[in-house]
Amino acid sequence: MEKSKKALPIVLASALAATPFVAVPQAYAVEKLDVSADNDGAGKESDYDIKFTLEEDLASGDTITVDFDDDFDVDNDISKKDIDGIDVKRVEVDGNEVIITVDEDFDAGDKISFTIKSGITNPDDKGTYDVSVETENESSDTDEVEIKKSSSSSSSNSKNDYSVTLSSKAAGEKVSLKLGKISLKGSDELETSSTITVTFPEKGMLPSSIDEDDVKVNGSTAKSVSISGSSVDIKIPSGADSDDYITLEFDESAGIENPSSGDKYVFKVKYDGTTYESDEFEITKNGSSSSSASDSFTVNLSDPGAGARTSYTFDADFGSKELKEDGELVLEFPSSDMVPGILTASDFLLNGKSAKKATAVGNRVALVAPTGFKATSKVKVEVTYGAWISNPKTAGSYTLKATVSGRTLESKAFSVGGSSVNPTPTNPTNPTNPTNPVPVPNTGINNSTATIALTQNALGKQTGVNVAIKGLGVGLQKQRDFIEIVFPVGYKVPAYIAPANISVNGVGANFVAVRGQNVLIYPSQDIPAATNANIVINPAANIVNPAVKNTYSISVFTSEERGLLFSRIVGVGMPSPAQPKPVTPTPQQPQQPSATIPANSASFKVNTANFTLHGKSYPLSAAPYIADGNTTMVPAQFFKEALALTTQWNNTSVAVISGTKVVKFTVGSKTAKVGKTDIQLPTPVVLKNGMPMIPIRTVTDNLGYKVGWDAKTSSVYVYK
């Protein structure tokens, strides 16, 4: 018998209608969805990066569904091997939905990041299209993807390949990592606080977190670093703002490990919608280098004596890998004490041409191939005697490694032993690199007279350090800018130094940061350009001298000037080398030691990369030379360091200032300006080793200096 249907009493129905349905569970949706295409060209196949944050837990066996707009073409053959960044059990395709069953557990609040590496083809027409993502426990969120004309595709190509440099290629080993140099496409420039995303070959290479101090963007510490799956998001620091390239460095302390399997891999670096794929690099299961016995090369030394200063020469063939213009070749010497802290690029030749840049980190020297370098896999490397590379101090058999584009070759063993044919000298000091600050009035400041002194030079003892800077090319703003003191390997620098233990011009530092061997000092007061800065590091800072008797080079930089300000030699376990006595290099009436050459003159020799001032020799970045048979060309650096003239330069222009007079040059031009008047040069200004070369008489004649010739020493001398 069927039960009769009865209407609810009116009062009860009204009560139910007014009662909220509190028993219905709250609906959650994925948050902060970000969908981006590796190639945004219309009709192009593209990788798709998917990022979002969970509001609810996601357990192994649950699903993530990615729903592409109907205008996309989604391949039915997408499988779990095409999903990178998370562990996957299986993948199904239903129309334009990609349904991913995960094989790991996630908690609410976790950031999910993965890439669909193939099977997605963009719509044929440009426009904005929706991509939605939902999980088994959360409703969907939608992001828009802009598809452009095919010609504007931002996919990476072979022209954007860049090198991968690892401290080791052994599987599973903890490593330091360098990616780049990556030249950005079109008119792209880095912007402060924008994000660079690095996708690692395997999620297992990354730790749970990375400290921003362990990551450098174009040499500046990252603003922030976060990890999601196999990707690392890096916020661009102010120091890299407006650069049109990317170089990323991860210190070994970042915790990155090589893949556990021996295989070939690539990195992907994404910025402003464009993804740049690296050269392929190889990881070896047994930890050996990727070179074979036939890859070995022979190293020739000018002096095989233990501890001797020597040149290194060898020819290497990197097979399928080529060294290209602006590409990097990395030399790995047997020990770090063989390499001075400061290098000069012109002392390293690649197929007979001076390297564009040379930098040292420990026992590794990175060389950048010069402009106009012809791409080749066969490279002749010459480390000249002037590079101040020395042999290991202990007799024995050693090898040298060379790396190009991830391909590492190891030399045949060479022997070091017996007595040296030349005594081991002190490391050289190097000149300042080009800076481009706002011109300041000429004050006659010359850092060739700057000093660095230890309060204690005994082996293994705590020491104070006194640094006297004679002038800054660019002023420092209190609490923002810093002076950086770099101690060579052998010194023990504590991880923390109290600001009270360091003073700048008699006032305690505002803040002190320590990064390895580098001490960054933030002054409590502004320091104007062209004024002295005296830094006193007390022994209580706990900086400890090396335990090995030797001479060591301490270097000084600032945050506002590009390159080295100056470096000085100190002796540990021996009397310190004499520091230059302070002089006043402002123009004055010449006091002549002889009838011909004024005492205040600076002199140089053609084709010799140094100058002499007050009896001491100082290096130049490029040697003076004769152009067109009768025009003497000198580096812009000469006017700054030898004549104490305020001189500012970069790769495109030069300004030499004396009082109210300014002489301006343009690289590549035969026209200069003296004040507001254009003058014609006998030959155009050119770059040599990255340094503008200028007709000397144009400066001396217009700023009141005189030029003479010393036949006895075959030197040109300049004085006022």
(request) Return the minimal non-hydrogen interatomic distance between P207 and G255, and the atom names on each side. (result) CD-O, 3.7 Å
(request) Decide yes or no on side-chain hydrogen bond (donor to acceptor under 3.5 Å, both in side chains) for E484 and N518, but give the supporting numbers first. (result) CA-CA 7 Å; E484 186 169 8; N518 300 18; 2.8 Å; yes
(message) Closer than 3.5 angstrom, by distance alone: can the side chain of Q517 be matched with the main-chain N or O of P488 as a donor-acceptor pair?
(response) yes
(request) In sequence, state the C-alpha distance, the side-chain angles, and the governing distance for K44 and T121, and then conclude on side-chain hydrogen bond (donor to acceptor under 3.5 Å, both in side chains). (result) CA-CA 6 Å; K44 298 294 184 180; T121 301; over 6 Å; no
(message) Would you call the rings of F414 and Y398 parallel, tilted or perpendicular, taking 30° and 60° as the class edges?
(response) tilted
(request) Ignoring hydrogens and angles, tell me if any N or O in the side chain of N96 forms a donor-acceptor pair with the backbone of D67 under 3.5 Å. (result) no
(message) If we ignore hydrogens and angles and just use 3.5 Å, is the side chain of R364 paired with the main-chain N or O of E332 as donor and acceptor?
(response) no
(message) Closer than 3.5 angstrom, by distance alone: can the side chain of E138 be matched with the main-chain N or O of E55 as a donor-acceptor pair?
(response) yes
(message) Can you tell me which residue among K111, K270, K51 is in a side-chain hydrogen bond (donor to acceptor under 3.5 Å, both in side chains) with D233?
(response) K51
(message) I'd like to know if D326 pairs up with K181 as an ion pair, taking the criterion as any Lys NZ or Arg NE/NH1/NH2 lying under 4.0 Å from an Asp or Glu carboxylate oxygen.
(response) no
(message) Check whether S167 reaches the backbone of S176 with its side chain - one donor and one acceptor, N or O, closer than 3.5 Å.
(response) yes
(message) Taking the six-membered ring for Trp, are Y312 and F333 closer than 6.0 Å centroid to centroid?
(response) yes
(request) Report, as yes or no, whether the 6.0 Å neighbourhood of atom CD on E191 holds more than 12 heavy atoms from other residues, nucleotides or ligands. (result) no
(request) Ignoring hydrogens and angles, tell me if any N or O in the side chain of E136 forms a donor-acceptor pair with the backbone of T63 under 3.5 Å. (result) yes
(message) Is the distance between the ring centroids of F200 and F267 under 6.0 Å?
(response) yes
(request) Please tell me if the side chains of E282 and K264 come closer than 4.5 Å, counting only heavy atoms from C-beta onward. (result) yes
Could you tabulate the donor-acceptor pairs under 3.5 Å formed by side-chain atoms of residues 80-95, not counting sequence neighbours?
unit_1 : atom_1 : unit_2 : atom_2 : d
D82    : OD1    : S118   : OG     : 3.0
D82    : OD2    : S79    : N      : 3.0

(message) Under a 3.5 Å cutoff, is there a donor and acceptor pairing between the side chains of T399 and E410?
(response) yes
(message) I'd like to know if K178 pairs up with E249 as an ion pair, taking the criterion as any Lys NZ or Arg NE/NH1/NH2 lying under 4.0 Å from an Asp or Glu carboxylate oxygen.
(response) no
(message) Could you check whether any side-chain N or O of D49 sits under 3.5 Å from a backbone N or O of S113, counting only pairs where one atom can act as donor and the other as acceptor?
(response) no
(request) Verify, without hydrogens or angle tests, whether Y276 (side chain) and K185 (backbone) share a donor-acceptor contact under 3.5 angstrom. (result) yes
(request) Return yes if some donor-acceptor pair links the side-chain N/O of T135 with the main-chain N/O of N137 below 3.5 Å, else return no. (result) yes
(message) Please determine whether side-chain hydrogen bond (donor to acceptor under 3.5 Å, both in side chains) holds for the pair T142 and D130, giving the CA-CA distance in whole Å, both sets of side-chain angles, and the decisive distance to 0.1 Å.
(response) CA-CA 6 Å; T142 301; D130 291 340; 5.8 Å; no
(message) Looking at E325 and K353, is there a salt bridge between them, counting it only when a charged N and a carboxylate O are closer than 4.0 Å?
(response) no
(message) Could you check whether E146 pairs with K126 (Lys NZ or Arg NE/NH1/NH2 to Asp/Glu carboxylate O, under 4.0 Å)?
(response) no
(message) Less than 4.5 Å apart, side chain to side chain, heavy atoms only: is that true for L331 and L367?
(response) yes
(message) If you take the centroid of each ring, where Trp contributes its six-membered ring, are F68 and Y48 closer together than 6.0 Å?
(response) yes
